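Computed over heavy atoms, backbone and side chain alike; hydrogens, waters and symmetry mates excluded. The structure presented is a predicted model; accordingly, all values stated were derived computationally and were not measured.
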Amino acid sequence: MPRLTLRIVLALFVLSAAPATAVPLAAADSLEPVVARTAMASTGHPDASRAALQILRQGGNAVDAAVATGFALAVVSPDAGNLGGGGFMVIRRPDGTATTWDFRETAPSGAWREMYTDGGLSSQVGHAAAGVPGTVAGLIAAHTAEGRLPLADVLAPAIELAQGQFLSGRNAILFNRYRDEFRQFESTARHFTTSDGRLWAVGERFEQPDLADVLRRIQRDGRDGFYRGRTADLIVAEMARGDGLITHADLQGYRAVERPVLTSTYRGHRLLMMGPPASGGIALAQALRAVEPFPLARWGLQSAEAVHLAGEALRRAFADRAFWLADPDFVDVPARALLAPRYVASRMASFDPARTTASAAVSHGTPPDLPAEGTETTHYSVVDGEGMAVATTVTLNDYFGSKVAVGGAGFFLNNEMDDFATAPGEPNFWGLVQGEANAVAPGKRMVSSMTPVILEDERGRLFMVAGSPGGSRIISTVFQVVTNVIDFGLNAQQAVALPRFHHQWLPDHMEFEGGLPDATREGLGERGWLLDRLVRFGAANVVVVRYDDRGVRTLEGGADPRRDDDDARGY
């Protein structure tokens, strides 16, 4: 068969291939995690996992490996891994101390409150949807503070991949699926569609010389290699081709912020999480605290009783998220009050084991010590041989973000402006309804559902590193991964593979994946739940640490089967 014909056949096969899905509960017993003794990385792509282990074997620590992974994902997973987006990183050092880095995107200085309602601009597609990118600043800041190897070594794997990689099935599917949208923008079409109009094929060599040059400038000049000079000029020039607002001053003024770790507990385990503007930590901790008094293990994995309780807990956590969460540099966010045990208990006082609670009757709560007041993402988890752990989630929001690639640079810009309450009270791309606290303002960071988390066991030892993509469904995904391991005793691979469910307050229905037991769905229906089936959601990457009686540890890596590229490996 001629080479071109073979490529077309392969591409058409990829376009029609059935998506990877969850593993039904009945098949979970056969799932085994990747096991290692020294180090483990679970990421969104095999080449990113290889980059992490390469850096670890060179003597780098978990932060070096996490930064190398972040830059590698910007090359091999352009739909989500990114230089043009943002994210969050949670770091636990070997001595148990911890910190977090907030490199969430910010609204450009020219943004205004009504720009998407009265200004006629789109918060989802095009140049005006992009916030000021934070990923490069965040990765560089974390490496400067915690890394061990030279930045040149940490960037080397990503530069090599940019010089040429072989397209995975997932990338070929996505490039072909979005090619009509790519053609809306000259720069995107030039970088991410074929020159002769054919479809991309699995295994085809994909070279990104412009992106390699961007990475070399970062390798040489650090953050100035992105936020000043040639790359900054290319970003601003791209803004001039559309309705974009990002300026040289916006880029030069962007700063990643080191923030205190948000902590909570669940069944004797300590959680280390991101605080605002990430909403995931607070919502996850609220939901876990809400279910803690109940016997989930006795009720059974994915039983109607357990899922009903979790849905009600998530409903209340998301209602509080909609009202209270915002950029803490702009709004006083009552993080500690929202996690107070008596407040969470008061929120669950209306819980009925036999019936659902209508979302209209839940609304947000008011913590007792406060006055009353009137997607596309990727996560990776890394653990090194010394016990340092890093949980990182980065995002562009939707697949390929704004769909705008920077001409001459070859990376996508985010569409994170849609994560603001662009029209308070109206749903965004993910169906989330948000309040005035998260309204657009110049320099402000939009609320995020990203939920990178690190857990310690009852003895204060490193226990789990977890997170997921999935927009608003990230929170419920991580909630289920945590309870799957702690309450139901699953291994890392089982915990990420089982079917999931999701509730986010509004709209008032529970989403579920195929494979959720029939008896569970029937029991939920009897309790009044409105059910909506989805093909799949989330793609958790998890490391679980086990200890034998002598304290010798074993690392379990779990890679979500919902995305073919997700990969766990260790040594």
S.K.: Consider side chain to side chain contact (heavy atoms under 4.5 Å, CB included). Of T483, V482, L296, L288, which one does R267 pass it with?
M.R.: L296

S.K.: Side chains of R93 and T97: any donor to acceptor distance under 3.5 Å?
M.R.: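 Side-chain D/A pair, T97 to R93: present.
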
S.K.: Check side-chain contact (heavy atoms from CB on, under 4.5 Å) between D457 and all other residues, then give those that pass, not counting sequence neighbours.
M.R.: H269, R459, R461, F463, Y547

S.K.: So which heavy atom on Y116 is nearest to which on A129, and how close?
M.R.: OH-CA, 4.1 Å

S.K.: State, with a plain yes or no, whether a side-chain heavy atom of L339 is found less than 4.5 Å away from one of Q286.
M.R.: yes

S.K.: For the residue pair E105 and V132, establish whether any side-chain heavy-atom pair is separated by less than 4.5 Å.
M.R.: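 The answer is no, as the side chains (C-beta and beyond) never meet within the 4.5 Å cut-off.
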
S.K.: Could you check if a side-chain atom of L309 sits within less than 4.5 angstrom of a side-chain atom of W299, using non-hydrogen atoms only?
M.R.: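 Yes, at least one pair of side-chain atoms sits under 4.5 Å.
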
S.K.: Could you tell me whether D560 and R500 make a salt bridge, using a distance below 4.0 angstrom between a side-chain N and a carboxylate O?
M.R.: yes

S.K.: Between N414 and G131, is there a donor-acceptor pair closer than 3.5 Å when you use the side chain of the first and the backbone of the second?
M.R.: yes

S.K.: Could you go step by step and tell me if R527 and D352 meet the salt bridge (charged side-chain N to carboxylate O under 4.0 Å, His left out) rule?
M.R.: CA-CA 9 Å; R527 288 168 171 81; D352 183 344; over 6 Å; no

S.K.: What heavy-atom pair brings A256 and G138 nearest, and what distance separates the two atoms?
M.R.: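 It is CB-CA, 3.7 Å.
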
S.K.: Taking it one step at a time, do E436 and R113 satisfy salt bridge (charged side-chain N to carboxylate O under 4.0 Å, His left out)?
M.R.: CA-CA 10 Å; E436 190 64 34; R113 170 68 184 75; 3.2 Å; yes

S.K.: Of T554, L455, V465, L462, which is the lone residue that meets side chain to side chain contact (heavy atoms under 4.5 Å, CB included) with V545?
M.R.: L462

S.K.: Just by distance, with hydrogens left out, do H45 and T43 show a side-chain donor and acceptor under 3.5 Å apart?
M.R.: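 Judged by distance alone, the side chains do not pair up.
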
S.K.: Hydrogens and angles aside, do R316 and T357 bring a side-chain donor and acceptor to less than 3.5 Å of each other?
M.R.: yes

S.K.: Are S381 and N541 close enough that a side-chain donor and a side-chain acceptor fall under 3.5 Å?
M.R.: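 Note: S381 and N541 side chains miss the donor-acceptor criterion.
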
S.K.: Please tell me if the side chains of P353 and E305 come closer than 4.5 Å, counting only heavy atoms from C-beta onward.
M.R.: no

S.K.: What residues form a ring pair (Phe, Tyr, Trp, His ring centres under 6.0 Å) with W529, not counting sequence neighbours?
M.R.: H308, H503

S.K.: Can you check whether M417 reaches V440 side chain to side chain, under 4.5 Å on heavy atoms?
M.R.: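 A side-chain contact under 4.5 Å exists here.
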
S.K.: List the steps, then state whether salt bridge (charged side-chain N to carboxylate O under 4.0 Å, His left out) holds for R104 with D327.
M.R.: CA-CA 10 Å; R104 183 64 158 154; D327 183 344; over 6 Å; no

S.K.: For a 4.5 angstrom cut-off between non-hydrogen side-chain atoms, does F420 reach S123?
M.R.: no

S.K.: Quick check: do R315 and S359 have side-chain heavy atoms less than 4.5 Å from each other?
M.R.: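 Contact flag for R315/S359 side chains = yes.
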
S.K.: So, T520 and Q302: side-chain donor and acceptor under 3.5 Å apart, yes or no?
M.R.: no

S.K.: So, T451 side chain and S449 main chain: donor-acceptor pair closer than 3.5 Å or not?
M.R.: yes

S.K.: Write down the atom of S109, the atom of P442, and the distance for their closest heavy-atom approach.
M.R.: O-CB, 3.6 Å

S.K.: For R148 and E386, run salt bridge (charged side-chain N to carboxylate O under 4.0 Å, His left out): C-alpha distance rounded to whole Å, both residues' side-chain angles, the deciding distance at 0.1 Å, then the answer.
M.R.: CA-CA 13 Å; R148 180 183 295 162; E386 297 174 7; 3.0 Å; yes

S.K.: Under the 3.5 angstrom rule, does the side chain of Q493 hit a backbone N or O of A559 as a donor-acceptor pair?
M.R.: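 Confirmed, Q493 side chain pairs with A559 backbone.
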
S.K.: If the condition is side-chain hydrogen bond (donor to acceptor under 3.5 Å, both in side chains), which residues does S476 pass it with, not counting sequence neighbours?
M.R.: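 Residues passing side-chain hydrogen bond (donor to acceptor under 3.5 Å, both in side chains) with S476: H502.
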
S.K.: Is there side-chain contact between L534 and R473, with heavy atoms separated by less than 4.5 Å?
M.R.: yes

S.K.: Return yes if some donor-acceptor pair links the side-chain N/O of E312 with the main-chain N/O of M348 below 3.5 Å, else return no.
M.R.: no

